[in-house]
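As the structure lists them, so they are numbered: ligands from 1, and atoms in each ligand from 1.
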Amino acid sequence: MDIIFYHPTFDNAYWIKTLSAALPGARVREWKRGDNEPADYALVWHPPVEMLQGRTLKAVFALGAGVDSILSKLKAHPEMLAESIPLFRLEDTGMGQQMQEYAVSQVLHWFRRFDDYQALKQQARWEPLADYQREDFTIGILGAGVLGAKVAEALAPWGFPLRCWSRTRKDYPGVTSFAGMEELPQFLQGTRVLINLLPNTAETVGIINSGLLNQLADHSYLMNLARGVHVIEADLLAALERGKLKGAMLDVYSKEPLPAENPLWAHPRVAMTPHVAAVTRPAEAVAYIARTITHLEKGEPVTGQVDRQRGY
Ligand SMILES: NC(=O)C1=CN([C@@H]2O[C@H](COP(=O)(O)OP(=O)(O)OC[C@H]3O[C@@H](n4cnc5c(N)ncnc54)[C@H](O)[C@@H]3O)[C@@H](O)[C@H]2O)C=CC1
Ligand SMILES: O=C(O)C(=O)CO
């Protein structure tokens with residue numbers, strides 16, 4: 001079995017060594033321009049069109065959870081990958097735990113008013129503030145798939161009212177599930193902390209706009225852990241200005257790296273990380289890919305296949 005590997009920034013030698021160890025008998029090589037030798041599987045992130053074009057692969061694996069970039073490239077270059085070749089993505093592979101750490105720590109930061117105390121500290125003011133109450137701190141998770149479910153699981157023991165919104169109804173312990181556009185207003189009403197874990201699709205781009213933010217509880221908080229294009233940045237800034245939003249924690253942006261002139265950098269109530277909420281963990285990712293290839297080779301059922309029409 002031949003496997004080609006391409007990632008613009010990873011330590012490719014390490015990945016190839018680890019994959020070779022996990023799939024004894026497989027010949028794994030780094031793909032370089034001009035390599036037209038046969039391959040059975042391709043593992044990719046931001047692949048050049050010529051890497052995949054014209055190949056009869058058994059499957060392609062995206063080396064991340066989100067497949068928006070590869071799907072948009074496929075839209076521009078449909079010749080890159082035949083519809084019949086399945087595309088897989090990483091399901092959790094250690095990203096769930098990272099999202100849990102991020103979301104729990106930030107929710108508690110806001111709930112314990114550390115943002116307010118930080119502002120008071122800057123003015124050298126000693127001023128105990130009123131506690132927030134759990135019942136006023138409803139957390140809503142937009143997107144209740146692999147990562148949304150993990151975040152809900154980690155937040156559940158903290159006792160905040162917890163709800164999620166997804167395409168189809170979910171049955172997660174301690175979580176009220178809302179499904180479809182028609183239930184979005186109910187989901188938003190009373191939500192104090194909105195955590196975004198939706199995929200980037202034609203239906204979800206720009207979903208976090210003034211119309212949506214206005215339906216949240218007053219003085220609410222936004223955590224965007226999914227993709228920058230979900231949020232209309234001008235609407236976010238306006239909601240912060242008029243106090244509808246008290247704060248935002250952003251990991252992803254409409255343009256990355258975020259340009260120096262973007263007003264989000266200087267906003268006192270916006271906290272930011274540079275797209276690191278959950279990164280691909282090589283050992284877990286290799287184990288998942290090796291397991292999936294082994295199942296595929298035996299004709300056994302697998303999970304993680306992307307629905308190219310649906311967009312995630
Ligand atoms: N900031 C970061 O470091 C990272 C960000 N991500 C982002 O997180 C996203 C989510 O990842 P997973 O949970 O693995 O995806 P997933 O496919 O397992 O879950 C997606 C969820 O969104 C819901 N959804 C999709 N379209 C919808 C619509 N139109 N209306 C209502 N619900 C809809 C689905 O029902 C599902 O519950 C990725 O697509 C990626 O963009 C993923 C990893 C790291
Ligand atoms: O896996 C993804 O989709 C990511 O955003 C990784 O940072």
Give the cluster check for [X] versus [Y]: same hydrophobic cluster or not, with ILVMFWY residues linked at side-chain heavy-atom distances below 4.5 Å.
X      : Y      : answer
Ile141 : Val252 : no
Leu258 : Leu250 : yes
Val28  : Ile289 : yes

Taking both backbone and side-chain atoms of [X], is any N or O found less than 3.5 Å from an N or O belonging to ligand 2?
X      : result
Val279 : no
Trp45  : no
Thr280 : no
Gly66  : yes

Starting from [atom], which protein heavy atom do you reach first, and at what distance in Å?
atom                    : result
atom 43 (C) of ligand 1 : Met95 SD, 3.6 Å
atom 17 (O) of ligand 1 : Tyr312 CD1, 3.3 Å
atom 44 (C) of ligand 1 : Ala278 O, 3.2 Å
atom 10 (C) of ligand 1 : Leu197 O, 3.3 Å
atom 6 (C) of ligand 2  : Ala278 O, 3.7 Å
atom 14 (O) of ligand 1 : Arg89 NH1, 2.9 Å
atom 30 (N) of ligand 1 : Trp165 CH2, 3.2 Å
atom 6 (N) of ligand 1  : Arg227 NH1, 3.8 Å
atom 1 (O) of ligand 2  : Ala65 N, 2.7 Å
atom 7 (O) of ligand 2  : His275 NE2, 3.2 Å
atom 4 (C) of ligand 1  : Met99 CE, 3.4 Å

On a heavy-atom basis, I'd like to know which of [options] is closest to [atom].
atom                    : options                        : answer
atom 8 (O) of ligand 1  : Thr273, Asn224, Leu147         : Leu147
atom 33 (C) of ligand 1 : Leu184, Leu198, Leu225         : Leu198
atom 21 (C) of ligand 1 : Ala277, Gly228, Gly145, Gly311 : Gly145
atom 22 (O) of ligand 1 : Ser166, Ser177, Pro199         : Pro199

Is the side chain of [X] donor-acceptor paired with the backbone N or O of [Y] at a distance under 3.5 Å, no angle test?
X      : Y      : value
Gln98  : Gly94  : yes
Gln186 : Glu183 : no
Arg89  : Ala62  : no
Gln100 : Lys150 : yes
Lys244 : Leu216 : yes
Asn196 : Asn224 : no
Arg113 : Leu129 : no
Trp15  : Val286 : no

Heavy atoms of other groups near [X] [atom1], more than 12 under 6.0 Å:
X      : atom1 : value
Arg310 : CZ    : yes
Lys75  : NZ    : no
Gln305 : CD    : yes

For the 3.5 Å polar cut-off, considering only N or O atoms, please tell me whether [X] and ligand 1 meet it.
X      : answer
Val146 : yes
Asp251 : yes
Ala144 : yes
Arg167 : yes

> Step by step, would you call Thr191 with Arg163 a side chain to side chain donor-acceptor pair (under 3.5 Å)?
Replying inline: CA-CA 8 Å; Thr191 290; Arg163 48 176 75 160; 3.1 Å; yes
> Do Phe10 and Phe5 make the cut of ring centroids closer than 6.0 angstrom?
Replying inline: no
Which atoms of ligand 1 sit under 4.0 Å from any heavy atom of [X]?
X      : answer
Glu203 : 29 (N)
Val252 : 1 (N)
Ala65  : 42 (C), 43 (C)
Ala226 : 5 (C), 7 (C), 41 (O)
Gly66  : 38 (C), 39 (O), 40 (C)
His275 : 1 (N), 2 (C), 3 (O)

>> Go through it in stages, so that I can follow the logic: the residues are Glu241 and His267, the test is side chain to side chain donor-acceptor pair (under 3.5 Å), and I'd like the CA-CA distance, side-chain angles, deciding distance and then a yes or no.
In response: CA-CA 10 Å; Glu241 282 326 301; His267 200 291; 3.1 Å; yes
> Taking the six-membered ring of Tyr312, is the NZ or CZ of Arg167 close enough (under 6.0 Å from the centre) and on axis enough (within 45°)?
Replying inline: no
> Can you find a non-hydrogen atom of Arg227 under 4.0 Å from ligand 2?
Replying inline: yes
>> Check for me whether Ala277 has a heavy atom closer than 4.0 Å to any atom of ligand 2.
In response: no
> Does Met181 reach ligand 1, in the sense of a heavy atom lying below 4.0 Å from it?
Replying inline: no
> Taking the non-hydrogen atoms of Gln98, is any one of them nearer than 4.0 angstrom to ligand 1?
Replying inline: no
> Of the options Lys246, Arg269, Arg125, which is the one that meets Asp116 in a salt bridge (Lys or Arg N to Asp or Glu O under 4.0 Å)?
Replying inline: Lys246
> Numbering the atoms of ligand 2 from 1, which are under 4.0 Å from a heavy atom of Gly64?
Replying inline: 1 (O)
